[in-house]
Amino acid sequence: VPAKPRADDEQAWDLSPPELLAPARFALDMYNYGRAAGMRAVLGAVRGRVRRVGRGSLFSLEATMEEPPCNDPLVCLLPVTKKTMLCSFEVLDELGKHMLLRRDCGPVNTKATEYGNETFSSFLPMLNKDPLPQDFSVKMATVFEDFMKTYNRTYESKEETQWRLTVFTRNMVRAQKIQALDRGTAQYGITKFSDLTEEEFYTIYLNPLLQKEPGRKMSLAKPVDDL
Amino acid sequence: APPEWDWRKKGAVTEVKDQGMCGSCWAFSVTGNVEGQWFLNQGTLLSLSEQELLDCDKTDKACLGGLPSNAYTAIKNLGGLETEDDYSYQGHVQTCSFSAQRAKVYINDSVELSKNENKMAAWLAQKGPISVAINAFGMQFYRHGIAHPLRPLCSPWLIDHAVLLVGYGNRSNTPYWAIKNSWGSNWGEEGYYYLYRGSGACGVNTMASSAVVN
């Protein structure tokens with residue numbers, strides 16, 4: 001039972017586990033999205049708070065995720081141990097529809113976090129505290145529909161569409177943070193890559209060899225003023 | 001260096017291309033450089049084949065990435081580059097079908113350029129577009145304007161994208177490099193990225209190189 005009545009939009013209050021079930025299950029589904037059966041993490045401990053945002057509720061969850069042990073000796077690092085991840089999620093529940101706004105995960109007992117997810121937190125904590133506009137998820141869904149039309153996107157299933165909407169929403173927040181930190185005149189926002197996770201974008205479009213391999217040594221060019 | 005320069009206005013740069021879902025930026029960066037060198041030394045602008053490099057440069061890893069320095073060697077050893085029309089881009093690796101008879105351009109050598117951005121600008125203005133590699137931080141969401149990310153977020157040590165410097169100048173007193181990207185013309189400023197010039201932003205000065213055409 002909430003410790004306080006749901007009257008004050010600014011107040012957050014702690015939740016009992018039953019109330020966390022729906023948002024935590026949604027966060028877990030999103031965490032496991034795309035994984036094969038047997039490779040999915042299971043929810044460990046979970047605690048959370050909620051605050052009212054417009055017509056919805058914003059859940060801030062902290063949860064441990066128990067990753068399955070690695071069974072492939074060609075892939076696993078030794079010694080094989082069960083890995084526990086500590087995650088914080090922000091899940092918006094608006095009119096019964098859930099949307100994952102933030103996901104930061106890292107191994108328990110280390111400060112390392114998932115690639116890129118925490119990059120900005122220390123710079124812009126205020127962005128995580130700003131209240132969300134009313135009907136945020138509805139507006140974001142409309143923007144996402146426009147994106148799909150503009151870039152001719154189709155997805156294989158309802159689940160994938162939901163997942164891409166979640167990625168798109170998180171990316172809009174990321175673009176906003178990049179914008180805030182840019183010292184030039186650049187504008188960041190929706191591009192044809194806005195429905196890709198950072199990891200997908202890196203894997204598909206970028207070139208990791210540039211930082212890993214030295215390449216062939218070339219002779220130095222003569223400066224033009226020597227010509 | 002002159003205060004500004006743009007090889008696009010001088011006919012040394014082909015249209016923006018699209019690497020598709022393939023990490024072949026290294027091939028586009030190198031062919032763009034060779035296109036410019038060939039134009040400046042032989043007088044003809046030809047759109048050259050990246051697919052030839054994906055298929056026939058066995059030192060590099062096609063869509064999994066590659067290095068411009070290796071690609072220059074491959075072009076030299078193969079005996080040149082075919083044109084885009086003769087050996088068109090597929091976006092995935094295929095069997096090498098390069099034919100020396102169809103090759104339209106050759107290179108004699110390749111060189112590494114200075115890490116000093118003023119010297120890079122002087123070299124560019126006199127000698128042509130430059131192949132560089134940068135940290136692609138923020139480019140997933142870049143739309144227009146001059147990008148100048150904070151240095152800790154765009155480290156020069158984490159280079160992951162090869163592109164082509166085609167010009168430089170100032171917009172409202174902000175110095176920039178004009179960079180030809182290979183993500184199609186429906187990204188950025190009609191396919192171009194503008195990056196702050198003068199502070200080694202995103203490692204733009206760390207891996208500058210060019211082919212040599214005599």
Side-chain angles (χ1 to χ4, degrees), chain A residues 115-116 119-120 122-124 150-152 167-168 170-227, chain B residues 19 21-26 59-61 64-70 72-73 109-114 119 122-123 125-127 133 136-138 140-150 153 157-162 171-172 174 176 183-184 186-188 194-196 201 207 209-210 212:
Chain A
Y115 176 73
T119 307
F120 309 105
S122 56
F123 289 92
L124 276 183
T150 303
Y151 294 106
N152 206 18
V167 171
F168 181 86
R170 288 209 320 251
N171 280 342
M172 288 306 94
V173 176
R174 280 178 59 207
Q176 187 191 359
K177 290 176 179 178
I178 293 168
Q179 180 72 67
L181 293 169
D182 195 281
R183 291 179 293 164
T185 60
Q187 295 290 311
Y188 299 88
I190 297 169
T191 70
K192 62 179 176 176
F193 305 120
S194 287
D195 61 343
L196 299 176
T197 65
E198 190 174 11
E199 191 179 13
E200 284 172 327
F201 181 73
Y202 185 85
T203 307
I204 297 168
Y205 292 96
L206 300 182
N207 181 353
L209 291 188
L210 286 166
Q211 59 182 287
K212 285 182 186 158
E213 294 189 10
R216 183 179 67 84
K217 191 76 189 155
M218 294 179 284
S219 56
L220 277 175
K222 282 183 185 174
V224 287
D225 49 6
D226 284 359
L227 292 172
Chain B
Q19 67 189 64
M21 295 175 76
C22 169
S24 51
C25 55
W26 57 278
T59 314
D60 287 310
K61 294 187 169 55
L64 298 178
L67 298 170
S69 57
N70 294 336
Y72 295 127
T73 307
D109 201 355
S110 57
V111 286
E112 183 184 328
L113 304 184
S114 168
K119 290 182 178 176
W123 198 96
Q126 189 165 342
K127 308 281 276 183
F137 173 84
Q140 184 177 359
F141 309 115
Y142 171 81
R143 290 171 63 84
H144 54 81
I146 301 168
H148 190 188
L150 287 177
L153 300 179
W157 305 108
L158 299 173
I159 299 296
D160 51 21
H161 189 45
R171 274 188 198 169
S172 307
T174 304
Y176 68 82
W183 294 345
N186 62 348
W187 174 90
Y194 289 82
L195 181 64
Y196 186 83
M207 213 186 274
S209 66
S210 175
V212 176

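Letters A, B, ... mirror the listed sequences (proteins, then strands); counts begin at 1.
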Quiz prompt | Option that, when pairs with chain B are counted at under 4.5 Å, heavy atom only, ranks first among A:T191, A:T185, A:N171, A:I190 | solution = A:T185

Self-check item: Proximity breakdown for B:A162 and chain A, heavy-atom pairs closer than 4.5 Å
Solution: both

Quiz prompt | Structural part of B:C22 lying under 4.5 Å from a heavy atom of chain A | solution = backbone

Quiz item: Which answer fits A:K212, side chain, backbone, both or neither, if we ask what part of it has an atom under 4.5 Å from a heavy atom of chain B?
Solution: neither

Quiz prompt | Side-chain heavy-atom pair A:Y205, A:F193 within 4.5 angstrom cut-off | solution = yes

Quiz item: Going by atom types only, do A:D182 and A:Y188 share a side-chain donor-acceptor pair under 3.5 Å?
Solution: yes

Exercise. Report the option among B:F141, B:W187, B:Y196, B:W183 that has the most heavy-atom pairs separated by less than 4.5 Å from atoms of chain A.
Key: B:F141

Quiz item: Side chain, backbone, both or neither: which part of B:A136 has a non-hydrogen atom closer than 4.5 Å to chain A?
Solution: side chain

Exercise. May I ask you to name which of B:A147, B:S210, B:S172 has the most heavy-atom pairs under 4.5 Å with chain A?
Key: B:A147

Quiz prompt | Top of B:M207, B:H144, B:H161 for chain A proximity - count of heavy-atom pairs under 4.5 angstrom | solution = B:H144

Quiz prompt | Distance-only donor-acceptor check, side chains B:S209 and B:Y72, under 3.5 Å | solution = yes

Practice problem: Under 4.5 Å heavy-atom distance to chain A, tell me which part of B:L195 shows up: side chain, backbone, both or neither. | Solution: neither

Quiz prompt | Pairs of heavy atoms under 4.5 Å with chain A: top-ranked of B:L67, B:N186, B:I146 | solution = B:I146

Self-check item: Under 4.5 Å from a heavy atom of chain A, the part of B:S114 involved
Solution: neither

Practice problem: Can you tell which part of B:W157 gets under 4.5 Å to a heavy atom of chain A, answering side chain, backbone, both or neither? | Solution: backbone

Self-check item: Heavy-atom pairs under 4.5 Å with chain B, option from A:A221, A:P208, A:S194 with the top count
Solution: A:A221

Practice problem: Counting only heavy atoms closer than 4.5 Å, note whether B:Q140 contacts chain A via side chain, backbone, both or neither. | Solution: both

Quiz item: So, do A:I178 and B:F137 sit near enough that their side-chain heavy atoms are less than 4.5 Å apart?
Solution: yes

Quiz prompt | Under 3.5 Å: donor-acceptor pair, side chain of A:E200, backbone of A:T197 | solution = yes

Self-check item: B:C25 vs B:Q19 side-chain heavy atoms within contact, under 4.5 Å
Solution: yes

Quiz item: Most heavy-atom pairs under 4.5 angstrom with chain A, which of B:L158, B:L113, B:D60?
Solution: B:L158

Self-check item: N/O donor-acceptor pair under 3.5 Å between A:N207 side chain and B:G23 backbone
Solution: no

